[in-house]
Number of protein chains: 2
Amino acid sequence: MNAPVLSNIKCGECPIRHRAVCSRCEGAELDILEKIKVYRSFKAGEQILWRGEAMDFVASVVSGVATLGKTLEDGRTQMVGLLLPSDFIGRPGRERVEFDVIAASDVTLCCFDRKPFENLLLVTPHLSERLVEIALDELDAARDWMLLLGRKTAREKIATFLDMLIRRSSLEEETAQNDALTLPLSREEIANYLGLTLETVSRQLSALKSQGIIQFKDRRNFEVLNPQALCDLSGDDSAN
Amino acid sequence: MNAPVLSNIKCGECPIRHRAVCSRCEGAELDILEKIKVYRSFKAGEQILWRGEAMDFVASVVSGVATLGKTLEDGRTQMVGLLLPSDFIGRPGRERVEFDVIAASDVTLCCFDRKPFENLLLVTPHLSERLVEIALDELDAARDWMLLLGRKTAREKIATFLDMLIRRSSLEEETAQNDALTLPLSREEIANYLGLTLETVSRQLSALKSQGIIQFKDRRNFEVLNPQALCDLSGDDSAN
DNA sequence: GCGTTTCCTTGATCTGGGTCAAGTTTGACC
DNA sequence: GGTCAAACTTGACCCAGATCAAGGAAACGC
């Protein structure tokens with residue numbers, strides 16, 4: 001896995017500073033991270049990590065989207081996570097990755113060699129605190145996804161997915177945009193994320209379109225005309 | 001199963017000492033835990049925690065089986081975790097539980113009030129280290145379960161579940177028993193765990209029975225005649 | 001521009017597992 | 001023991017979503 005090395009941005013100016021694993025670090029702690037970090041970029045479709053492979057680095061996603069996937073012996077695959085900017089790849093104390101990590105779009109990672117990072121964790125409570133938070137958030141997200149995969153209908157799955165995109169985007173950008181969004185994944189990738197086939201994904205999106213709930217600008221870009229309807233269709237408890 | 005009404009056992013003699021959150025603690029650390037712990041018992045079917053409820057304690061499962069469940073607004077439920085002896089309930093820094101916790105059998109918990117436990121975590125690396133490990137193990141388990149829920153057939157789900165019971169039991173008991181096992185859950189609970197209906201669970205178990213792979217002693221107790229076949233049917237990569 | 005490929009849509013058909021509906025077994029309580 | 005309810009099994013039928021199949025539209029290289 002040899003990826004071109006981007007020129008590093010100063011941590012102080014990093015777009016993901018407020019949410020990434022380093023968000024609690026300041027001053028001297030940040031200086032150390034600054035010194036050991038290396039940016040790496042991957043082209044869309046490139047595999048970042050192979051399941052079972054030794055993991056020599058950990059990283060934060062700076063830009064782009066990557067997927068975590070698992071595969072059965074006959075080739076059926078299920079995505080078990082989606083990595084968006086500020087999300088973290090890798091686990092202290094874990095030698096190997098348990099899934100494939102693939103760049104869904106062009107991706108830039110802020111990488112730390114695993115060993116130095118683990119040593120730093122031991123003496124930097126601000127770092128380990130945040131990492132525990134991130135792990136627990138992922139666990140909560142994984143459990144919500146289990147409910148989706150085990151019990152939701154195709155319609156509810158798609159609605160939940162779109163609703164997630166809305167929430168995530170309103171978190172990221174302060175700019176109150178008019179609910180114009182981009183699908184970060186192809187139809188097939190969405191299917192693998194939701195436990196569906198790509199045909200069903202396509203049909204459900206078409207159905208939402210013809211119901212006037214969403215409107216496509218092109219294949220990837222769309223607008224949500226009725227966010228409330230999406231939320232209602234998601235099947236989740238109204239209490240958020 | 002026998003429902004032990006336990007008064008506090010000395011930590012040194014606790015059956016889950018080697019795997020629970022306290023497993024790395026010795027001497028003075030253990031003395032402190034010993035002082036703040038309280039055993040609580042729950043009858044089979046009793047609800048231990050309600051989703052959204054404030055969580056005033058954290059706990060290790062000493063004996064019995066509890067389930068973590070989520071429910072959609074129309075009542076469909078999905079189990080998102082199974083708590084067996086030595087498993088941990090609760091999260092530092094989390095005020096509320098995100099799911100219902102229900103005793104599937106009579107359950108005994110080793111409880112710690114949340115606040116004192118959180119304070120202890122900050123000054124006891126042995127405790128927080130182990131807790132991070134436990135959280136990451138749960139995350140891995142959740143992701144394996146996502147693959148099961150999203151992509152496996154009913155047959156594969158049941159085979160995976162039984163295979164898991166075999167592995168877990170061979171971990172727990174050194175006693176090389178003849179693959180005699182107990183289902184820790186009712187048919188309906190298994191269905192909620194696997195994202196199936198109770199009828200499908202029953203049919204699949206009957207099918208495995210008539211194929212001579214398993215044999216029932218009564219509703220809950222059975223013997224695995226062909227563990228290899230179960231493993232093959234699970235759909236997972238042969239590489240464990 | 002024009003072929004080629006990749007991605008997506010839409011239709012027709014099939015099927016695994018859900019739903020509905022009886023029965024049967026078990027076990028708890030009087 | 002007898003009664004009753006809960007838990008489980010089995011059968012008949014149905015449907016959401018998978019599978020198979022045929023185009024269409026955007027992107028890419030030449």
From the options [options], select the nucleotide whose nearest atom is closest to the side chain of [X].
{"X": "B:S186", "options": "D:dG17, D:dT9, D:dC8", "answer": "D:dC8"}
{"X": "A:L198", "options": "D:dT9, D:dG17, C:dT9", "answer": "C:dT9"}
{"X": "A:R187", "options": "C:dT9, C:dT26, D:dT19", "answer": "C:dT9"}
{"X": "B:R220", "options": "D:dC8, D:dG17, C:dT9", "answer": "D:dC8"}

Spacing between [X] atom [atom1] and [N] atom [atom2], to the nearest angstrom:
{"X": "B:L205", "N": "C:dT25", "atom1": "CG", "atom2": "C1'", "value": "16 Å"}
{"X": "A:E188", "N": "C:dT5", "atom1": "CD", "atom2": "C1'", "value": "15 Å"}
{"X": "A:Q204", "N": "D:dG17", "atom1": "CD", "atom2": "P", "value": "7 Å"}
{"X": "A:K217", "N": "C:dC8", "atom1": "NZ", "atom2": "C1'", "value": "18 Å"}
{"X": "A:D218", "N": "C:dC7", "atom1": "CG", "atom2": "C1'", "value": "12 Å"}
{"X": "A:F216", "N": "D:dA26", "atom1": "CZ", "atom2": "C1'", "value": "15 Å"}
{"X": "A:N192", "N": "D:dA18", "atom1": "CG", "atom2": "C1'", "value": "14 Å"}
{"X": "A:L148", "N": "D:dG17", "atom1": "CG", "atom2": "P", "value": "12 Å"}

Classify the side chain of B:R219 versus the base of D:dA7 as yes if they form a donor-acceptor pair under 3.5 Å and no if they do not.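 For B:R219, whose side chain was compared with the base of D:dA7, there is a donor-acceptor pair (under 3.5 Å).
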For the base of C:dC20, is there a side-chain donor-acceptor partner from B:E199 under 3.5 Å away?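 Pair found.
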Taking only Lys NZ, Arg NE, NH1 and NH2, and the carboxylate oxygens of Asp or Glu, determine whether B:K152 and B:D236 approach each other closer than 4.0 Å. yes
Categorize A:G195 for me: base, sugar-phosphate, or nothing, with a 4.0 angstrom heavy-atom threshold over every strand shown.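 The residue A:G195 makes sugar-phosphate contact but no base contact.
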Base, sugar-phosphate alone, or nothing: which one does A:S202 contact when heavy atoms must sit under 4.0 Å apart? base
Closest-nucleotide ordering on DNA chain C, the 5'-leading residue of A:R151 and A:S206: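 That would be A:S206.
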B:S234 and B:D163: side chain to side chain donor-acceptor pair (under 3.5 Å), yes or no, with the steps? CA-CA 8 Å; B:S234 77; B:D163 195 49; 5.1 Å; no
Side-chain donor/acceptor of B:S105 to backbone N/O of B:V65, under 3.5 Å: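 Checked: pair present.
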Map A:V201 and B:R203 onto DNA chain D by nearest heavy atom, then report which one ends up closer to the 5' terminus.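 Whichever sits nearer the 5' end wins; that is B:R203.
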Determine, stepwise, if the pair B:S41 / B:T108 fulfils side chain to side chain donor-acceptor pair (under 3.5 Å). CA-CA 4 Å; B:S41 290; B:T108 299; 3.2 Å; yes
For C:dG17 and B:T197 - does any side-chain N or O of the residue sit under 4.0 Å from the phosphate oxygens OP1/OP2? no
Measure from NZ or CZ of A:R40 to the centre of the six-membered ring of A:F57 and say whether it is under 6.0 Å with the direction within 45° of the ring axis.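 Checked: cation-pi criterion met.
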